[in-house]
Peer 1: 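Please find one structure pasted underneath; my questions will follow.
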Protein chains: 2
Amino acid sequence: MTDVALPEIGADVPPEGVSIGEAARLTGVGIEALRYYEREGLMLDPTPRDEGGRRRYHERDLAWIAGLVMLRETGMAIADIRVIADVSRRPGTEGERLHLFEQHRMRVVEQLERTRRHLAAIDAKIAAYRRAATHSDPEGTPR
Amino acid sequence: MTDVALPEIGADVPPEGVSIGEAARLTGVGIEALRYYEREGLMLDPTPRDEGGRRRYHERDLAWIAGLVMLRETGMAIADIRVIADVSRRPGTEGERLHLFEQHRMRVVEQLERTRRHLAAIDAKIAAYRRAATHSDPEGTPR
DNA sequence: GCTTGACCTGTAGTGCACTCCAGGTAGCAG
DNA sequence: CTGCTACCTGGAGTGCACTACAGGTCAAGC
């Protein structure tokens, strides 16, 4: 699993940019998905092309994609990410963007707490099975 | 918290059980999804019926459904839950079940860490936007 | 000059997890 | 008896996020 933090990719991106294949490798996203994201308007601008019409991803593009990954993996839908991309394209919308991120943050925190509770339940189940395994305990054995 | 093995619903379930509508309300799952889960073999047994052929959910059924919700919300696929349901139906498979839960636990922990890192990234973005908002800082402003 | 590989576009297909629908039954209120 | 509501079945439909494919271009290596 590629470790994609945020703005930084952790690899040197040449000033002429990288190919879509390289971008896929660096971000962990997959070529088809990168084109799909672009089609869906998730990129800030259409990715610039070389003379032959092939996409060239620059450092800021990769950083943005890392942000997309972050939003996707925290459960934001493509349509909602598009909203963020749309406002991010327009200057003077910093307050709006802040609001969107704050909103999303709340959902992520909620989700995190929920998952933590579920993890505790899993731990309880594991503990019960361990007890059942060691001193074969017919009562505490869960289904 | 009385029973460690079976998670609690937090409502009294009458001994004759509850209807599917009530079960949906209590578990938060939705009538169609409950029938779907049963069709897909996620329930331990086919839900018992009353004289008229309508499903009656008892406490242990609701507890099991709560477990399904927990597994689903931690990202386990229906097919994988079916595997758990299948082994849980067969006696003497406690070791196998333990293994399945331990495996899932690892994935959940990984997911949790990933989400925590994403949350930190979101916080960083929010902080940057806040800085940009207060003392209009053209450089540190993120996209 | 030919092949290979990576890329391109536009469109179709896939997998998953539900969700809806048509057409029917059972029990209860008025 | 007549609605009305909640439930039933089998099967079709939906929404989402990709993913695959057909048919083509282009640059580099042999």
Side-chain angles (χ1 to χ4, degrees), chain A residues 1-2 4 14 16-43 45-58 61-62 65 67-85 104 107 111, chain B residues 14 16-43 45-58 61-62 65-85 104 107 111:
Chain A
M1 199 146 294
T2 338
V4 184
E16 73 273 19
V18 298
S19 70
I20 194 170
E22 197 61 11
R25 213 183 52 72
L26 289 170
T27 61
V29 170
I31 292 174
E32 302 286 353
L34 284 175
R35 290 201 273 247
Y36 167 69
Y37 286 168
E38 192 176 329
R39 249 198 330 276
E40 291 299 310
L42 305 194
M43 299 302 287
D45 328 276
T47 311
R49 310 302 180 99
D50 65 9
E51 322 74 51
R54 271 103 103 239
R55 272 166 267 248
R56 294 264 99 193
Y57 292 83
H58 297 270
D61 302 314
L62 299 179
I65 292 165
L68 297 182
V69 170
M70 179 267 277
L71 293 174
R72 283 293 300 123
E73 291 196 350
T74 49
M76 187 176 282
I78 295 292
D80 294 340
I81 298 179
R82 180 165 35 230
V83 171
I84 288 188
H104 185 57
R107 280 190 296 265
Q111 177 199 129
Chain B
E16 72 273 19
V18 297
S19 70
I20 193 169
E22 196 61 14
R25 213 184 51 72
L26 289 170
T27 61
V29 171
I31 293 174
E32 301 287 352
L34 284 175
R35 290 202 273 249
Y36 166 70
Y37 286 169
E38 192 177 330
R39 251 198 328 276
E40 291 298 310
L42 306 193
M43 298 301 287
D45 329 277
T47 311
R49 310 301 180 99
D50 66 9
E51 323 75 50
R54 271 102 99 241
R55 272 166 267 248
R56 293 267 98 192
Y57 292 83
H58 298 271
D61 302 313
L62 299 178
I65 293 165
L68 297 183
V69 170
M70 180 267 278
L71 292 175
R72 283 292 299 122
E73 292 196 348
T74 49
M76 188 177 280
I78 296 290
D80 294 339
I81 299 179
R82 179 163 39 228
V83 171
I84 288 187
H104 184 57
R107 279 189 296 265
Q111 179 199 127

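All chains are named by letter (A, B, ...) in the order of the sequence lines, taking the proteins before the strands, and each is independently numbered beginning at 1. For clarity, every value in this text was computed on a predicted model and none was experimentally measured.
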Peer 1: Of all residues at least two apart in sequence or in a different chain, which pass the side chain to side chain donor-acceptor pair (under 3.5 Å) check with Asp80(A)?
Peer 2: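 Listed in chain order: nothing, the list is empty.
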Peer 1: Figure out the CD/P separation between Glu40(A) and dT9(C), and round it to whole Å.
Peer 2: 15 Å
Peer 1: Listed by chain and number, what are the side chain to side chain donor-acceptor pair (under 3.5 Å) partners of Glu22(A), not counting sequence neighbours?
Peer 2: Arg25(A)
Peer 1: Report yes if some heavy atom in the side chain of Leu68(A) is under 4.5 Å from a heavy atom in the side chain of Tyr37(A); otherwise report no.
Peer 2: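 Counting from C-beta outward, Leu68(A) and Tyr37(A) do come under 4.5 Å.
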Peer 1: Which whole-number value in Å describes the distance from Glu38(B) CD to dG10(D) P?
Peer 2: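 Atom CD in Glu38(B) sits about 11 Å away from atom P in dG10(D).
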Peer 1: Under the side-chain contact (heavy atoms from CB on, under 4.5 Å) test, which residues partner Glu16(A), sequence neighbours left out?
Peer 2: Pro14(A), Arg56(A)
Peer 1: State which residues pass side chain to side chain donor-acceptor pair (under 3.5 Å) with His104(B); sequence neighbours excluded, sorted by chain then number.
Peer 2: Thr74(B)
Peer 1: Pairs in or reaching into residues 31-40 of chain B: which pass salt bridge (charged side-chain N to carboxylate O under 4.0 Å, His left out), with residues at least two apart or in two chains?
Peer 2: Glu32(B)-Arg35(B), Glu38(B)-Arg49(B), Glu38(B)-Arg55(B), Glu40(B)-Arg82(B)
Peer 1: With the sugar-phosphate defined as primed atoms, P, OP1 and OP2, and the base as all remaining atoms, what B/S/- string results for nucleotides 12-30 of chain C, 5' to 3', for protein heavy atoms under 4.0 Å?
Peer 2: -----BBBB------S---
Peer 1: Quick check on dC7(C): is either OP1 or OP2 less than 4.0 Å from any side-chain nitrogen or oxygen of Ser19(A)?
Peer 2: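 Indeed, a polar side-chain atom of Ser19(A) lies that close.
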Peer 1: Rounded to whole angstrom units, what separation is found between the CD1 atom of Ile20(A) and the P atom of dT19(D)?
Peer 2: 13 Å
Peer 1: Looking at residues at least two apart in the chain, or sitting in another chain, which of them share a side-chain contact (heavy atoms from CB on, under 4.5 Å) with Ala24(B)?
Peer 2: Ile31(B), Leu34(B)
Peer 1: Quickly work out the Leu71(A) CG to dA17(D) P distance and round it to whole Å.
Peer 2: 12 Å
Peer 1: Can you measure Asp50(A) atom CG to dA27(D) atom C1' for me and round it to whole angstrom units?
Peer 2: 10 Å
Peer 1: So, for Thr27(B) and Val69(B), which heavy atoms are closest and what is the spacing to 0.1 Å?
Peer 2: O-CG2, 4.4 Å
Peer 1: Return the value, rounded to whole Å, for the distance between atom CG of Leu34(B) and atom C1' of dA6(D).
Peer 2: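 For the pair Leu34(B) CG and dA6(D) C1', the rounded distance is 15 Å.
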Peer 1: With a cut-off of less than 4.0 Å, is there a side-chain N or O of Arg55(B) near OP1 or OP2 of dC7(D)?
Peer 2: no
Peer 1: Could you work out, with side-chain contact (heavy atoms from CB on, under 4.5 Å) as the rule, every residue matching Ala85(B), not counting sequence neighbours?
Peer 2: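 Result, side-chain contact (heavy atoms from CB on, under 4.5 Å) vs Ala85(B): Trp64(B), Arg89(B).
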Peer 1: List every contact pair, protein side and nucleotides 1-4 of chain D side both N or O, where the distance is under 3.5 Å.
Peer 2:
none

